[in-house]
Amino acid sequence: MSINLLALIGAMLTIATPLVWAGIGELITERSGVLNLSIEGTMYLGAFIGFLAAARSGSPWVGLLAAVVSGVVAGALMAFFVVTLGLNQHVSGLGLTLLLIAICEFTFRLLYAGDRPTLDDKFAVLFRGTDVLAQHWLTYVGFLVLAPVTWWVLRSTGLGMRLHAVGESFEAADVAGISVTATRYVALMVGSALMAIGGAFLTLAVLGSFTLDIVSGRGWVCIALVIFARWRVWPAVLGALIFAGMDALQLQLAITSAFDAVPGELMLALPYLAVIAALAIGGRTVRYPGSYLKAYRRA
Amino acid sequence: GGSTGEEADGSEDLPLIYGVYATPLEEPWDGAIHAALQSAADDGEIRYKHVDDLSTSDAMERGLRDIASNEEPDAIIGDAFAAEEAVRKVAAEFPDIPFAFGSGEDPVEPNMSVFDNWLQDPAYLAGMLAGGLTESDTIGIVGAMPIPEVNRIVNAFVLGVKETNPQATVKVSFINSFFDPAAAKQAAQAHVSAGADVLFAERDGVIAAAEEADIPVVGMMVDQEEEAPDHVVTSLIWHMRPTVDAVIEQATGEPQAVDLGEFSFMKVGGSELAEINTDIATSTADGVPEDLVTKVEEKQAAIMDGSFTTPVDESAPASSIDVSKK
Amino acid sequence: MTGGATDTVARPLLELTGITKRYGDLLANDDVSLRVAPGEVVAMLGENGAGKSTLMKVVYGLVRPDAGTVAVDGRPLDISSPKDAMAAGIGMVTQEFSLVETMTVTDNVALSGTGLGRVDRAETRRRVVEAMERVGVSLDPDRLVGSLSIGERQRVEIVKALFHDCRVVILDEPTAVLTPQDVRALFETVRRLRTAGLGILVVSHKLREVAEISDRVVVLRRGRLVGDRVTATVRDEELAALMMGGSTDEVAAATATPAAEPSELEAAVGMEVPTDQPAASATTTAASPTPGTTTGTTTGTTGEPVLRLTGLTVSRGGRDLLSGIDLAVRAGEIVGLAGVSGNGQTELVEVLSGTLPVTSGTLEVDGQDVTSADVGRRLAAGLGRLTEDRRGSVVPQMSVEQNLVLEDLPAYTRRGLLDRKAVRAHAEAMIERFDIRARPADAVATLSGGNMQKVLLARALARRPRVLVVAQPTRGLDIGAYRYVHQQLDELRTEGAGVLLVSEDLDELRALSDRVVVLFRGEVVGEMPVAEASPDRLGVLMAGGGSS
Amino acid sequence: MKFVLRGHEPRWLAPVAVLVAVLVTLALTAVPIRLAGAAPLAAYERYLVTPLTSTSGLHEVLLTATPLLFTGIAVAIAFRAGYWNIGAEGQFLLGAIGTTWVGTTFTDLPAPVALPLGFLAGAAGGLLWAVVPAWLKRRAGIDEVVTTLLLNPVALLVVQGLLNGPWRNSSSGFTDSDRLGSGFDLPALIPDSRVHWGFGVAVVVIVVAGVVLARTATGVRIKAAGQAPRAAEFSGVDVGRLQWRCALVSGAIAGLGGASQVMGVQHQLTAGISDGYGYTGVIVATLGGLGAIGVVLVALLLGDISVGAQNVSLVLQVPAQLGAMFSALLLLAVLSAMSWRRYRLQWRPRSRSGGSR
Ligand SMILES: Nc1ncnc2c1ncn2[C@@H]1O[C@H](COP(=O)(O)OP(=O)(O)OP(=O)(O)O)[C@@H](O)[C@H]1O
Ligand SMILES: Nc1ncnc2c1ncn2[C@@H]1O[C@H](COP(=O)(O)OP(=O)(O)OP(=O)(O)O)[C@@H](O)[C@H]1O
Ligand SMILES: [Mg+2]
Ligand SMILES: [Mg+2]
């Protein structure tokens, strides 16, 4: 058995990238007390709109911009449902996921009628030829900029304090003159934009094409990772790396003859089991944000 | 395009063929059936309607019964893989309508015909190409899941590799999904890091990996050369049209219960190997050696004239195959 | 202005005009107009649910009125959020805590002033410490608010409200959970603010506090402003009458006890309680609580111990929250437990309630050892509980009737199904008997705190407990409810049950108890008959002066 | 503009709210229907009316609603107790596995033995899959959302692993299992229809669950545990144990759903046996207000839409995704309209007159 460790790390970083972007997006929205189950649909939307705009314009940058805008719109929509109307967060999120995926697939069908379109130009890999460093710039930005900046903002800025206050106790935030509505809108719009980038990473950087079911449950994994991380940035990144590392490992083991006797499905299950195991070993009672799942409305 | 289902446009006398698909049309397998039916409709031979994404057997059964009783189809074509029993049940209820379904089981009198994609011939030829192109003697295949349709393609490909390169090793991985190109790409990259320098893209996503690794790759279902002109060396193509033509014959004549599988064979034009892209420019291969092309062409001729029959092996392939032991 | 108003209000700092607020069919504020002058302290009285908090929230932008205006300095404001209120120089301490438990004291205090950018934590901390000194509060600025006691949290609230420069300060029942020392400190601050020319509006149920701190007192009844008096000249009976809506005489009669002790009204309304407490509760018990020693009281005969703690110790994280508590409550007596909040009372109640496990020692209820029994067995043994954490004792979204039977469900089950008729009948009986202002099907969440407390009292007493553990039973209650709760506890004693009364309200303790026990740092540091429990002596003990 | 709490809810409000929601959905979907080249009116009729106006259409609605009834009530029970079981999907799949195992092992059993055994095995499968997260939650306080959610894909992998490996179809070699013994075929509940006894079992389960939740001491305890765990604990409810039990019951019921789908519809195990029924169960339960009647209504509504959507895409030749779009929009619209029941819209507070003097 020969596992190429460097290649494993490289694959891990790539696989973890959409989880980091979308996971941090989810983390931000959950910090404001909103469980955003529209993540799967928002990632899908970002992947599709990003692809569409890039295909039409010929530039992945335009695609990325369009994906961000689509994410902001999806976040605003989610905010309208759960903040303005105060609807149940579970149903709103799941409903929005269903809706966004249906809209994307419907549009894809109308525009491409069963074709398998590809982009002329996608984001290239930096440092091609190396095992670990051959990554897309979105990977670098995700790990080296997005994660630390989010961590810093949540920890050391007024914005982070506001988010914390709204997520823990919106009554307290309101009394302190912080607009619960505005904070949650912003959190959802920013968070959803990050989710859309996570989705667009798949089409604009990894694949250069779009197919149905492109997100394949990565959004749900992010939900689990955020709770796993107890709403903290670095543990969420760590969770993404554990998940991705196990995924990369199983990909290598799957083609290693020594592991022929192990059913492939067991290896495919490794990432999920690893996160559960990590939680079982390291985790204890989770305290949810105080205003989690709750809608706020003044009398 | 849709309609209210009522209008007449002078094509009333053409037979109505209904396509009924378990997966969305975007899935290449059902996409190939759809493309063939669409081309027959474009040729003015049939009227064509379709419904897709009937993913559960109860949706399939409901759809079929609805179509058979209300839409007056002259034949129904679709895939029955996840709903064999439902399809056979409805077929039995409407013996006057020909049913032709992609299926792993046998035809049923009087009206249930079956077909399948039999791509072992182009797969064998593609394997020969891959065997000739590899320098590391390692080839990677990424497939959906180890089902017979896929297995026989993979196994034929492996035999083809053996013919041109008996020292080679073929590694096979499955992503357990018809979609998820990102996972397919990651699997392909795992092959590359394990030394593969030629890939076979049974699923979408692999070509992107080949392009990044700058190595040759074989496409699937349709000619995928345009996706990466420097890297896609050829593609396995399934032509459903001969099968469709056979069903049209039943639609205008009498329903039958036959195995239409032969219509997917290369001999009758049911499948082919896309024109070999001799202009590939990769880190390992710049163009395709002429003698290799000749070898493949000779083999193709042998298949066409019946002097060579690609063996069909539907057993699940191992993850790493030493072709000399095959 | 309403009759009796002073004309000292030359140029009002805060002026409310015609404030009206409806909740569905309920008129919470009905055309209320009110002025507060600079350097004036206005107290607001009113029964539970009279609409005081609603009015305060209107001023602070937490509630939007249906009609009316708020003006500061003569300029009408469009206050649609607390942010606007703060900008207009209004600060408020809400009745419910508005704190983020997972944040530090510093962050909570500074929260409202922070912008979006980087927070200079050291600088903020320094300013918060400074503000605490200014307000006369000492707290560790780095502690998480979640780890603070209720009284400490109230102090944080006060610092928070006064952290920014404001011209009008609104305090909604600020003293309800404060210890006497803290109340004194708060009043010092209020006086200083008054001197500095601020306008202060303070809601309270305690007439004595009103008398002590305010210049003017206004009374709200059923949403309407029914009285506006100069504090110095108003009689307590008059205020009580305004609040309750009867004439002065009626009120006096209604609040008198069956025994008609002269000072009962005053005791009930929390006014001066003479140290020489009249016979009512004057047990001349020997200081030693030896079991079996029968001591006479005027209300019953003290009997066998119904609650006995022996060497009770509770530790968490290696720290003793309670250590070696020996305590007995006998049938027919009320034992008062005094202590500054944070010295183990809460834990003691939790241990007795069955929500905190015992580390060592034993716990007996009516002779049965229930040291490690679950809640159900404790209830069966004859324990009743009424804790200070009302919201942790009721299920707010459930109806009054379901909450009333929650601890006694098997008794209302017939052939596997809940006997809804019996549940309803029980609820109606309790509503009648305890004068709960609600219908059986109302969600408890919609009840005022006073009524919620009555529901809990009804639930605890309906089971006819042998011993009742009560904590802060009258916190935040209006005079009527306060009086009512005391009467119920007194009756319980008469019927021969034992009561362990935990309260930070020394007047309440001394008015009700036969004996007083003082807790300091998790240990019993003093025990005496109530006659010997002078405020001074208790104060010394509570401050640790009795421990060696 | 702002929302104001209603004093009381007029009787006409709920039906009107639903009606408005339907109208809004219709208006919103007109655009994509036109884009797909169909006539909106014809589409609307087929979405909502056609399935309900023929007996066979009604039967299909009941059939389609059956798995949602199981997963919906399963999720509702767990959610009520404050146990966030997002894992009905996996539990459903394991139920299907359990049933398939007995159905392909004891192929000769007669129906009276086979059917109860099949359901039992399904419940056991679902329960088994619910045990791990419930146990982790109870013993170590590990969050059930993460564990139940992540076990869903694992359950699908178990199904695929069985179908790719030991349970591969022995005649076709395809990745679906052998057919169950014929004793395991659930008979039709309504003659000449596809509505099978699984529907009957679902109704029985829901009625029992409804009575327990609404009419028994246990129901009150579950509600208390879910809404105010601390208060419930204070009142002597062992919240941990109650949640543990509800989690297991929830899993077992979801597993029954799998059993019903295998024995009533598919008669074999396939990887696509669950069309996301477990996830849809979350919608059914929450939209149904976590109550038995609500679950039934929502499951029937979704059944109606999904039968109607298939009909639309078939008759009008529009992409199948239109159906998904329609049901998602309707879901969100109904939900929004329901919030209107509790609040009314007010344009500015009436008068803020008075002014300063
Ligand atoms: N958000 C709300 N929705 C409906 N009714 C409310 C709401 N808030 C308060 N009320 C009702 O308005 C009335 C006035 O409540 P408010 O809190 O102002 O009373 P209060 O005078 O402060 O009483 P307390 O002394 O108990 O604090 C009560 O009857 C209460 O039930
Ligand atoms: N959801 C609600 N619906 C209606 N009224 C409410 C609601 N929540 C709170 N209230 C009202 O708000 C007011 C504040 O009540 P709360 O129970 O918080 O007071 P408290 O501090 O517990 O005690 P008290 O009000 O008796 O001094 C009450 O009058 C209550 O009726
Ligand atoms: Mg109040
Ligand atoms: Mg109060």
Side-chain angles (χ1 to χ4, degrees), chain A residues 27-28 30-33 83 86 88 148-187 189-190 230-232 284-299, chain C residues 21-24 26 28 53-54 57-58 60-66 79-87 90-104 106-121 124 144-146 153 156-157 160-161 163-164 170 172:
Chain A
L27 187 139
I28 290 172
E30 292 200 20
R31 277 284 186 110
S32 79
V83 179
N88 177 293
V149 166
T150 310
W151 174 78
W152 179 78
V153 167
L154 291 178
R155 189 192 134 88
S156 306
T157 68
L159 201 63
M161 266 171 77
R162 281 160 187 249
L163 210 56
H164 183 168
V166 169
E168 281 298 335
S169 164
F170 39 47
E171 292 94 350
D174 192 15
V175 170
I178 296 167
S179 166
V180 177
T181 305
T183 308
R184 284 188 157 180
Y185 259 88
V186 168
M189 292 189 330
V190 170
R230 300 187 210 171
W231 301 275
R232 290 168 303 171
R284 279 275 145 171
T285 317
V286 214
R287 215 192 64 84
Y288 280 71
S291 53
Y292 204 56
L293 298 179
K294 292 186 201 141
Y296 183 64
R297 188 154 292 147
R298 251 192 241 147
Chain C
K21 175 68 192 176
R22 281 177 190 285
Y23 287 119
L26 182 102
S53 296
T54 304
K57 287 181 189 168
V58 165
Y60 198 58
L62 281 166
V63 166
R64 264 202 168 228
D66 297 317
I79 297 181
S80 60
S81 77
K83 205 183 162 109
D84 300 336
M86 279 183 244
I90 303 173
M92 172 161 173
V93 172
T94 51
Q95 183 175 2
E96 299 287 326
F97 291 138
S98 313
L99 298 172
V100 184
E101 296 191 7
T102 49
M103 279 185 175
T104 60
T106 301
D107 283 356
N108 265 287
V109 171
L111 186 60
S112 61
T114 46
L116 297 177
R118 203 180 88 81
V119 176
D120 183 345
R121 283 237 151 70
T124 315
L144 285 183
V145 165
R153 289 182 200 199
V156 178
E157 284 281 13
K160 203 173 87 173
F163 184 60
H164 303 281
I170 297 168
D172 192 354

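Each chain gets a letter, A, B and so on, in the order its sequence line appears, and its residues count up from 1. Heavy atoms only: backbone and side chains are in, while hydrogens, waters and symmetry mates are out. Values in this document were obtained by computation on a predicted structure and should not be read as measured data.
Contact tally against chain A (heavy-atom pairs below 4.5 Å) for C/G117, C/A161, C/S81: the top residue is C/G117. Interface summary for chain A: among C/R118, C/E101, C/K83, the most heavy-atom pairs under 4.5 angstrom belong to C/R118. Ranked by heavy-atom pairs under 4.5 Å with chain C, the first of A/S169, A/G160, A/S156 is A/S156.
Taken from CG in C/L99 to CD in A/E168, the straight-line distance is 12.5 Å, to the nearest 0.5 Å. In this structure, the separation between NE2 on A/H164 and CE on C/M103 is 4.5 Å, given to the nearest 0.5 Å.
When every heavy atom of A/A176 is checked against every heavy atom of C/S112, the shortest pair comes out as O-CB, 2.9 Å. The heavy-atom pair separating C/L111 from A/A165 by the smallest distance is CD2-CB, 3.6 Å. Across all their heavy atoms, A/D174 and C/L62 have their closest contact at OD2-CD2, 3.4 Å. Residue A/R162 comes nearest to C/T114 through the heavy atom pair NH2-O, 2.8 Å, listed as atom of the first residue, atom of the second, then distance. Nearest approach of A/V175 to C/S98, heavy atoms of both residues: CG2-OG, 3.4 Å.
For C/S80, the part lying under 4.5 angstrom from a heavy atom of chain A is the backbone only. Heavy atoms of C/T94 lying under 4.5 Å from chain A belong exclusively to its side chain.
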Chi angles and distances behind the side chain to side chain contact (heavy atoms under 4.5 Å, CB included) call for A/E171, C/E96: CA-CA 9 Å; A/E171 292 94 350; C/E96 299 287 326; over 6 Å; no
